[in-house]
J.: 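Take this structure, written in structure tokens, and hold onto it; I'll ask about it next.
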Amino acid sequence: MKKWILVLLLNAFILTLCTAVLADTAYDPWAAQKEALKAAGRETEVVLAGWDCWKGNTPWASVMLVQAGDTAQLTVLEMGEDGKWTIVACSDTIPSDFITDAAIEGSWDTAWPDTEGTGYFSLTMEQLIPAKAYGEKTVYQAYRTLSFTRTEQGKWILCGACDIPFEDARGGYCPYHLLWLTKDGWLYMFYEEIMDENGWPIDRSEEIQRKTVSMEEMTPYTELSAFDYPAFLSVLHAQAPTEYEHAPVATMPPRPTVTPANPPAGDAHEFVYYNTNGGKYYHADACRPRVDPTYWPLTPVSFEKINNDKGYSRLLPCSVCGAPERPNTDAGKRK
């Protein structure tokens with residue numbers, strides 16, 4: 001009799017343990033946000049990217065990118081005083097074939113440079129396209145970013161964009177479009193990305209064109225809830241010069257010396273650096289050559305914060321520059 005009791009107790013223990021393991025495996029950090037999306041009739045199955053803004057141990061705002069057939073749904077949610085998630089802005093116009101990999105970063109407490117907003121986020125999209133390079137069939141090449149800021153009135157509006165459509169490369173050159181919202185209005189900059197003989201990007205050219213774009217021209221394409229990405233790209237590409245001389249291959253600008261404020265002596269990994277405009281990796285060098293010099297110097301952040309602050313959990317160590325890996329993590333290095 002005692003033997004059967006022991007067997008029953010052992011089976012009950014194993015069942016409890018398996019249930020706990022399965023529950024832990026099935027944990028979804030965006031479960032509550034997804035419920036809000038479902039209630040609004042939005043997709044939740046294939047999450048392409050997501051980002052949370054935390055206050056203490058509680059997320060109070062989220063941005064999610066979810067595939068919905070031929071498009072991707074970009075949604076901003078905020079938690080109300082009742083603890084429920086509410087959709088405050090969204091757009092369903094990003095073609096899903098633009099996206100093989102995506103990441104979202106931002107800050108609800110930091111304003112976009114030169115604006116009066118109260119927060120911002122940046123969506124970075126990479127596209128895997130066919131290329132015969134280094135024996136690989138496909139490589140990440142097409143690169144696009146969209147940045148939105150929250151106005152003092154609570155609306156989310158476009159504040160920056162980058163489009164480097166490598167599928168449009170011709171003769172070793174690819175168009176390179178940048179658009180930024182400044183205190184004086186919209187600023188458009190045109191470059192060329194220089195390609196090598198295998199079709200890989202090498203370096204950005206010197207600036208070919210810089211001009212202002214009127215607020216009136218951009219107004220129909222700025223508010224997130226009315227944002228039409230294909231229409232916006234048409235307007236963005238129309239700013240490029242129709243005739244120009246191909247720029248010579250640019251050399252990297254001198255690398256400035258960047259020292260974090262009052263860094264403790266003797267600790268080589270006290271600080272690491274990352275690109276606040278949608279960067280996915282942290283680096284050992286504030287002027288990492290593989291990062292577009294537009295974003296130099298990269299923003300310093302303490303390595304302790306990288307390890308312990310959930311707001312930085314998506315950042316990966318750069319394997320090329322020797323950025324330190326987080327302790328006790330199985331995350332592979334990437335560059």
J.: Could you tell me whether a side-chain N or O of Thr71 sits under 3.5 Å from a main-chain N or O of Ile94, the two making a donor and an acceptor?
T.: no
J.: How close do Glu223 and Lys155 get, heavy atom to heavy atom, and via which atoms?
T.: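 Nearest heavy atoms, Glu223 then Lys155: OE2-CD, 3.9 Å.
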J.: Going only through I, L, V, M, F, W and Y residues with side-chain contacts under 4.5 Å, is there a path from Leu77 to Val88?
T.: no
J.: Show, in sequence, the C-alpha distance, side-chain angles and deciding distance for Ile306 and Val301, and conclude whether the side-chain contact (heavy atoms from CB on, under 4.5 Å) test is met.
T.: CA-CA 7 Å; Ile306 285 284; Val301 59; 3.8 Å; yes
J.: Return the set of residues passing salt bridge (charged side-chain N to carboxylate O under 4.0 Å, His left out) with Asp163 (not counting sequence neighbours), or none when no residue passes.
T.: Arg144
J.: Name all residues meeting the ring-ring contact (aromatic ring centres under 6.0 Å, His included) criterion together with Trp51; count only those two or more places apart in sequence or in a different chain, and write none if there are none.
T.: Trp108
J.: Who pairs with Phe227 by ring-ring contact (aromatic ring centres under 6.0 Å, His included), at least two apart in sequence or on another chain?
T.: Phe148, Tyr229, Phe232
J.: Are the side chain of Thr100 and the backbone of Gln127 linked by a donor-acceptor contact shorter than 3.5 Å?
T.: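 No, the answer is negative, given that no donor and acceptor are paired below the 3.5 Å cut-off.
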J.: If I compare all heavy atoms of Cys174 with all of Pro165, which pair ends up nearest, and what's the gap?
T.: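 Where Cys174 meets Pro165 most closely, the heavy atoms are SG-O, 3.3 Å.
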J.: Is there a path of hydrophobic side-chain contacts, each under 4.5 Å between heavy atoms, that joins Met79 and Ile87?
T.: yes
J.: Run the side-chain contact (heavy atoms from CB on, under 4.5 Å) test against Ser214 and tell me which residues pass, sequence neighbours left out.
T.: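 By the side-chain contact (heavy atoms from CB on, under 4.5 Å) rule, Ser214 matches Glu216, Glu217.
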J.: In terms of hydrophobic clustering (I, L, V, M, F, W, Y; side-chain heavy atoms under 4.5 Å; direct or indirect links), are Val76 and Ile99 co-clustered?
T.: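 Looking at the clustering, Ile99 is in the same group as Val76.
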J.: Taking only residues two or more places apart in sequence, or in another chain, which ones meet Glu207 in a salt bridge (charged side-chain N to carboxylate O under 4.0 Å, His left out)?
T.: Arg210
J.: According to side-chain contact (heavy atoms from CB on, under 4.5 Å), who are the partners of Lys211, at least two apart in sequence or on a separate chain?
T.: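 side-chain contact (heavy atoms from CB on, under 4.5 Å) check on Lys211 returns Tyr188, Gln209, Gln239.
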J.: Measuring from Ile104:CD1 to Leu74:CG, what's the distance to the nearest 0.5 Å?
T.: 6.0 Å
J.: Walk me through it: do Val213 and Leu179 pass the test side-chain contact (heavy atoms from CB on, under 4.5 Å)?
T.: CA-CA 9 Å; Val213 182; Leu179 184 70; 4.3 Å; yes
J.: Step by step, would you call Leu315 with Glu105 a side-chain contact (heavy atoms from CB on, under 4.5 Å)?
T.: CA-CA 10 Å; Leu315 292 179; Glu105 282 191 345; 2.8 Å; yes
J.: For Tyr120 and Ile157, what are the C-alpha separation, side-chain angles and deciding distance, and is it a side-chain contact (heavy atoms from CB on, under 4.5 Å)?
T.: CA-CA 9 Å; Tyr120 76 91; Ile157 63 169; over 6 Å; no
J.: Answer with yes or no after comparing the ring centroid distance for His283 and Tyr273 against a 6.0 Å cut-off, counting only values under it.
T.: no
J.: Say you draw a straight line from CE of Met218 to OG1 of Thr212; how long is it, rounded to the nearest 0.5 Å?
T.: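 Those atoms lie 12.5 Å apart.
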J.: If the condition is side-chain contact (heavy atoms from CB on, under 4.5 Å), which residues does Gln67 pass it with, not counting sequence neighbours?
T.: Val46, Leu48, Ser96
J.: Ignoring hydrogens and geometry, is there a side-chain-to-backbone donor-acceptor pair from Tyr176 to Ile194 under 3.5 Å?
T.: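 Flag not set: sc Tyr176 to bb Ile194 has no pair under 3.5 Å.
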J.: Considering non-hydrogen atoms only, spot the tightest contact between Tyr282 and Arg326 and give its length.
T.: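 Smallest heavy-atom distance, with atoms named: OH-N, 3.5 Å.
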J.: Checking ring pair (Phe, Tyr, Trp, His ring centres under 6.0 Å) for the pair Trp156/Phe121: CA distance, chi angles, key distance, verdict?
T.: CA-CA 10 Å; Trp156 285 93; Phe121 71 87; 5.4 Å; yes
J.: Would you say the rings of Phe190 and His177 are close, in the sense that their centroids are separated by under 6.0 Å?
T.: yes
J.: Any idea which heavy atoms bring Val47 and Thr44 closest together, and the distance?
T.: CG2-O, 3.9 Å
J.: Transitively linked via ILVMFWY side-chain contacts under 4.5 Å: Trp85 with Leu224?
T.: no
J.: Is a donor from one side chain sitting under 3.5 angstrom from an acceptor on the other, for Tyr143 and Glu193?
T.: no
J.: From Phe166 CZ over to Glu126 CD, what is the distance, rounded to the nearest 0.5 angstrom?
T.: 10.0 Å
J.: Can you list, pair by pair, the side-chain donor-acceptor contacts under 3.5 Å of residues 33-42, counting residues two or more places apart and other chains?
T.:
| from | atom 1 | to | atom 2 | distance (Å) |
| --- | --- | --- | --- | --- |
| Gln33 | NE2 | Ser62 | OG | 2.9 |
| Lys34 | NZ | Asp28 | OD2 | 2.8 |
| Arg42 | NE | Thr75 | OG1 | 3.0 |
| Arg42 | NH1 | Asp92 | OD1 | 3.3 |
| Arg42 | NH1 | Asp92 | OD2 | 3.2 |
| Arg42 | NH2 | Thr75 | OG1 | 3.1 |
| Arg42 | NH2 | Asp92 | OD1 | 2.6 |

J.: Taking side-chain contact (heavy atoms from CB on, under 4.5 Å) as the criterion, tell me which of Leu316, Val272, Asn275 meets it with Tyr281.
T.: Leu316
J.: In terms of hydrophobic clustering (I, L, V, M, F, W, Y; side-chain heavy atoms under 4.5 Å; direct or indirect links), are Met189 and Ile164 co-clustered?
T.: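 Met189 clusters together with Ile164.
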J.: Enter the distance from Thr149:OG1 to Leu158:CG here, rounded to the nearest 0.5 Å.
T.: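 Going from the OG1 atom of Thr149 to the CG atom of Leu158 covers 10.5 Å.
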J.: Minimum heavy-atom separation for Asp168 to Pro175, with atom names?
T.: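 Asp168 and Pro175 have their closest heavy atoms at O-CD, 4.0 Å.
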J.: Determine the minimum heavy-atom distance between Ala284 and Ala323, stating which atoms define it.
T.: N-CB, 3.9 Å
J.: About how many Å separate CD of Gln73 and OG1 of Thr93, when rounded to the nearest 0.5 Å?
T.: 11.0 Å
J.: With sequence neighbours excluded, what pairs up with Ser147 under the side chain to side chain donor-acceptor pair (under 3.5 Å) test?
T.: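 Result, side chain to side chain donor-acceptor pair (under 3.5 Å) vs Ser147: Ser122, Asn277.
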J.: With salt bridge (Lys or Arg N to Asp or Glu O under 4.0 Å) as the rule and sequence neighbours excluded, what pairs involving residues 56-79 come up?
T.: Glu78-Arg150
J.: Would you please indicate if the ring centroids of Tyr312 and Tyr274 are separated by under 6.0 Å?
T.: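 Yes, ring centres under 6.0 Å apart.
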J.: Quick one: side chain to side chain donor-acceptor pair (under 3.5 Å) partners of Thr86, sequence neighbours excluded?
T.: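 Partners of Thr86 under the side chain to side chain donor-acceptor pair (under 3.5 Å) test: none.
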J.: Tell me, please, which residues at least two apart from Ala231 pass side-chain contact (heavy atoms from CB on, under 4.5 Å).
T.: Tyr221, Asp228
